[in-house]
Amino acid sequence: MAKKIPFNVVFASDEDTNFPASELNTHGPTVHGWRSASERGLTTHDIILRFQQPAKIYRIQLLAHQYLIPEKVELWLHYSPKSIPSTPSSQYFDFLGFVALADNANTNYKSRELQSVTVSPRRGTHLKLRLIGVQGNEYNAAGQISLMAVNVLGEDLELNPNNGNGNGEDNLGNEAPPLDTATGELALASICDDLLFSMYVEDSVVQCIRELEQRKALAVSAERFEYARKLKLCMTALRTAGERLGRYALAKRQAVQQEDFTTAKLRKEQIEMYRAAVLRQLQVQQLLEPQGVLSSNDQSCEIYAAGKPSLPAAPSLQDVAQALAEATFSPKSMASLSLDEKSSTDGSQGQASNDNVVVAPVPATLQAAPAPALGGWRKSHDELPQSPRLPSRHSSPMSSRQGSLRRRNKSVPRNSYEDYEERAIPTLRHSNTNEFLRECQGNALLEADPNRGRSRLNDRERRQAALPILVFGSELVEQFYSRQFQDREDGLMRLRNFLKDQELMEASGNELAASPNKVARSAALLLHRAVRDAVYSVFGQATETVRVLFLEYVPGRVSPSEVARCVDRLLPELLAKSGDPSARLHTLAQHTILSIAACPEVAEQHLVAPALSRSVGSGTHQRLAMSRLQMLEQLVHTQGISTDKHSGLTCRALSECGCSGIHHPAEPVRKVAERILLLVYKVNPRLVRKQLPPDDDITRRNLLYRQLFTEFDKLDLDRKQELLEAATSPADKASTSSDASRQLKSHSGHATSPGHLNSSNNGYASCNGKQRYNEQLKRSMLSASSSRKGSATNSESTEDNVPKIRCPFCEWSCAGSDTSQLDRHYWKSCPFLTKCPQCSQVLEIAALNYHLTTECDAKDSYVVCARCTESVHKQLYELHQMEDYCRELKTGAARCPLCHDDVHLPQDGGWKLHLLSGGGCPGNSRKKNLKK
């Protein structure tokens, strides 16, 4: 397994005196790194590293500066066995490749780029880095370049005089580097060998983690799995604590550079106190087992029972100063101080003894400090942070004596220049020269006192959150506006519990509780901010709270107008999240939107479906378009296709949305749109085909339309088979000729569905939909033909064996068995049928008025005349009432829509007599086809 290869820098073409190349020999949070000289105009810089032992190289890691960035770094390797003397003039380097570095402008020059290069296993003793060019930016006026750290991973090479030819050209055959079977990455002997770990974790913690890793390997081999689990959790927690200690060490180095030795001393004591607290909290000494195997490590304990152990709160600088003051002025320390003052005759000796008293008791205080004292380090966010050099506003008389630790000259007034000479000048406070150091120090302060992140709301935020503060309180709202994501998660959980417990509060009759409308509005305001959060855990908590709001709190409590307001506020943000490329984000957003749509108050007002059924443009992002169509498809399955034009789930709205989706450039979007069109086609085939190009050979050349029309043909075939199965049932096969004649009579004189009459009792038959009409028509035709086949007459013996086709309406017949002739008769010449003037559908004349007002696509343009019960176009209604034929309908009669005459006894053969007898209906253009 690969490990860190130690090396020393033996050559550098140039360097800055403050940032020498020897800085690359070590790794740690306080490392400066190498920097080129500013006065030399070199464009190429060489750095040569010599490994302490010959090694087999697997990976090289480079950590660049945040703004002093070279354009590229070339890697050269040289191998010379120890038996062969090597001088710079005799070294021959093999070119491995180069690494191109980004200009870092997208991070505003605040982040460092780590490049890891995996090479084929090569033997080497020297590594040369050639840095070429410079990335220009506003912070690099001198044209310098820098390299923060270099890490070489590999294995020690077994010494053998004949192992290689000394020129580094041996590639060790086709040997592959060791890989981790779980991740496929390079297998490391220790996580501490990675540059990303060693550069940001404090050195003492790194050594402790190395020891724990060794103990874990032994525990696994001895099958002490509970002990190994504890060690793994302990190492994870120690890494987090080590990163914090690294930031403290960085802040200490910054204080030393600024010659602020008081702060540096406090930082040093802060590091010691926090390190001791962490080791004691995690029981590291017990886990290392210095005295041998401990049976308690194989048993579960409270600290490691619930997964990742919790770390103690970090002490702030004020707490460290307070601890030093208490240790200095304790009774025992004061007694020793008085003895030293009595025995001392020289002021310098007294001063030296006083210094010893201040420093000496600190380790004892750290060792004897009880664990509960750590809880007192966390202060309320209401307290302003105080400088360690100035007394706190809330300091006690005893704590004010700690001034002797900071200011030796007590005769100088407290408001003198010395108290302020080390403060940052306001104009330099926002300087970018120490941006990284200042950021690390700020993060350390935030982790030391979590309440810092939950700052008070400013005036603008208070105006925005005025209602939530009134309903939920200032503390909960501050959690939503906090910079710490843990606080935002806690706020969402508290809000969710509040919504769940609101029912109990209402049942108890609490008069101080806010109204449900105010609670819902306030929750929507806070959730509108939470659903836009970039942290996934916060977004997950927000969506769960949204579901609780609409599925548990809103039903039966909140008014419809307030529900609509809440949906209008949250739905756009959730729709935007549903188009996120991340699978877990858009899946969670879709589930939340469908949960909102399942709320009864939301479904009644049709608040979600209209937003989903809008047309999908070709420029809409693929993920967003597919999410919208998938949610729309799910709503069609759960809520069905509606006839309410405001629901967003009508046949027309769904077909328009589906037709726009099939033209999207992304294939997954087109597939979902096709499924939506098929769902609509099962209900209204004609409307769907009207939205698409005509079904002909030219259209079917397009693969998209060919597949879609093929599916339509399958659905039509299934529908025809269902009709034939219903028509050829045993009851229909056993029907007699009299039943057939009654069936004909029902078509000529009765309504198609006798139970569906017009509400005004106008006497004409009502046709219950196109599909039922076609079904009755097919059934009557097959029934009549089957009755004709079963009946035999003695008078026409010559025609018994000749098949004939008869019309069940007008008694038209023709020889042969071609059913297309009957269809042609229905379409062109049957006097009992007519075409709708709007949609050209063939139907009975008796059902034309009903069709125009209830079933036709243009039904919204027709109304029923209150006087004559005819269907009249809205624009011609006033002219119609002035016509002579617009007269009151007689009792028991029906009005013919073609000639406007009364049809007497319409249910007892009146229509057949009116249309077929004599010259037929005067207004019927097909009467010329009647037999004279």
Side-chain angles (χ1 to χ4, degrees), residues 527-528 531-534 536 539 542-543 546 564 566-598 602-603 605-639 641-642 645-681 684 687-693 699 702-709 711-712:
L527 292 173
H528 177 261
V531 295
R532 294 181 297 173
D533 204 294
Y536 174 73
F539 177 69
T543 54
V546 170
C566 294
V567 174
D568 292 341
R569 183 177 293 275
L570 296 176
L571 187 59
E573 303 297 336
L574 292 173
L575 284 176
K577 285 286 187 179
S578 67
D580 194 278
S582 177
R584 60 179 185 177
L585 282 177
H586 67 245
T587 303
L588 189 57
Q590 291 181 31
H591 178 60
T592 306
I593 293 175
L594 294 176
S595 300
I596 295 176
V602 177
Q605 301 182 68
H606 309 300
L607 300 176
V608 176
L612 300 179
S613 59
R614 295 196 302 266
S615 298
V616 179
S618 59
T620 307
H621 192 271
Q622 172 185 351
R623 184 63 258 175
L624 180 60
M626 189 162 63
S627 296
R628 280 179 49 193
L629 293 177
Q630 286 175 346
M631 290 186 288
L632 185 62
E633 181 186 13
Q634 187 65 27
L635 286 180
V636 173
H637 285 298
T638 56
Q639 299 182 6
I641 298 178
S642 175
K645 62 181 180 180
H646 300 290
S647 65
L649 294 176
T650 60
C651 293
R652 184 173 297 276
L654 293 174
S655 60
E656 290 177 355
C657 180
C659 291
S660 64
I662 62 175
H663 297 96
H664 197 274
E667 183 180 3
V669 179
R670 297 195 299 268
K671 293 296 182 181
V672 183
E674 289 178 9
R675 294 200 299 267
I676 294 177
L677 287 177
L678 293 177
L679 292 175
V680 183
Y681 190 82
N684 195 337
L687 180 62
V688 177
R689 287 188 177 271
K690 188 177 181 181
Q691 298 284 345
L692 298 173
T699 304
N702 190 331
L703 179 62
L704 173 65
Y705 291 121
R706 182 164 69 248
Q707 294 176 352
L708 191 59
F709 286 137
E711 296 296 330
F712 288 167

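Everything numeric in this text was worked out from a predicted model, so none of it was measured.
- Residues Q634 and I593 fail the side-chain proximity criterion, which asks for heavy atoms closer than 4.5 Å.
- Put simply, the side chain of L679 reaches to within 4.5 Å of the side chain of H637, judged on heavy atoms.
- For F709 against T699, the heavy-atom pair with the smallest separation is CE1-CG2, 3.6 Å.
- Residue pairs meeting the salt bridge (Lys or Arg N to Asp or Glu O under 4.0 Å) criterion with at least one partner in residues 668-678, sequence neighbours excluded, are E633-R675.
- T587 contributes no side-chain N or O that, together with a main-chain N or O of R584, makes up a donor-acceptor pair within less than 3.5 Å.
- Distance alone, capped at 3.5 Å, places no donor-acceptor pair between the T650 side chain and the H646 backbone.
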M626/L629 under side-chain contact (heavy atoms from CB on, under 4.5 Å): CA gap, chis, key distance, verdict: CA-CA 5 Å; M626 189 162 63; L629 293 177; 5.9 Å; no

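- Under the 4.5 Å side-chain criterion, counting only non-hydrogen atoms from C-beta, I641 is in contact with L654.
- Considering only heavy atoms from C-beta on, L692 comes within 4.5 Å of I662 through its side chain.
- At least one donor-acceptor pair closer than 3.5 Å links the side chain of R628 to the backbone N or O of R614.
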From CA spacing to verdict: side-chain contact (heavy atoms from CB on, under 4.5 Å), S613, L649: CA-CA 7 Å; S613 59; L649 294 176; 5.9 Å; no

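- To the nearest 0.5 angstrom, L708 atom CG is 8.5 Å from R689 atom CZ.
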side-chain contact (heavy atoms from CB on, under 4.5 Å) assessment of V616 paired with L624: CA-CA 10 Å; V616 179; L624 180 60; over 6 Å; no

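- Counting only distance, with no hydrogens or angles, the side chain of H664 and the backbone of S660 share no donor-acceptor pair below 3.5 Å.
- L612 and C657 make their closest contact through O-SG, 4.2 Å (heavy atoms, listed as atom of the first residue, atom of the second, distance).
- Shown here for A564 and Q605, the closest heavy-atom pair between the two residues is CB-OE1, 3.9 Å.
- The CG atom of N702 lies 9.0 Å from the CD atom of Q707; values are rounded to the nearest 0.5 Å.
- From Q639, atom CD reaches atom OG of S647 across 8.5 Å, with rounding to the nearest 0.5 Å.
- Counting heavy atoms from C-beta outward, I676 and V636 have side chains that stay 4.5 Å or more apart.
- A pairwise comparison of heavy atoms in P668 and Q622 identifies CG-NE2, 3.6 Å as the closest pair.
- Counting heavy atoms from C-beta on, the side chains of L678 and V688 never come closer than 4.5 Å.
- Annotation: the span from E656 atom CD to L687 atom CG amounts to 8.0 Å, rounded to 0.5 Å.
- For the atom pair CG (L588) and NZ (K577), the distance works out to 10.0 Å, reported to the nearest 0.5 Å.
- Nearest heavy-atom pair, C651 versus V680, reported as atom, atom and distance to 0.1 Å: O-CG1, 3.7 Å.
- One finds the OG atom of S618 at 10.5 Å from the NE2 atom of H663 (value rounded to the nearest 0.5 Å).
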Check against side-chain contact (heavy atoms from CB on, under 4.5 Å), L574 and I596: CA-CA 11 Å; L574 292 173; I596 295 176; 3.7 Å; yes

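- Between the S627 side chain and the S578 main chain, a donor and an acceptor come within less than 3.5 Å of each other.
- Smallest separation of non-hydrogen atoms from L677 and F712: O-CE2, 4.4 Å.
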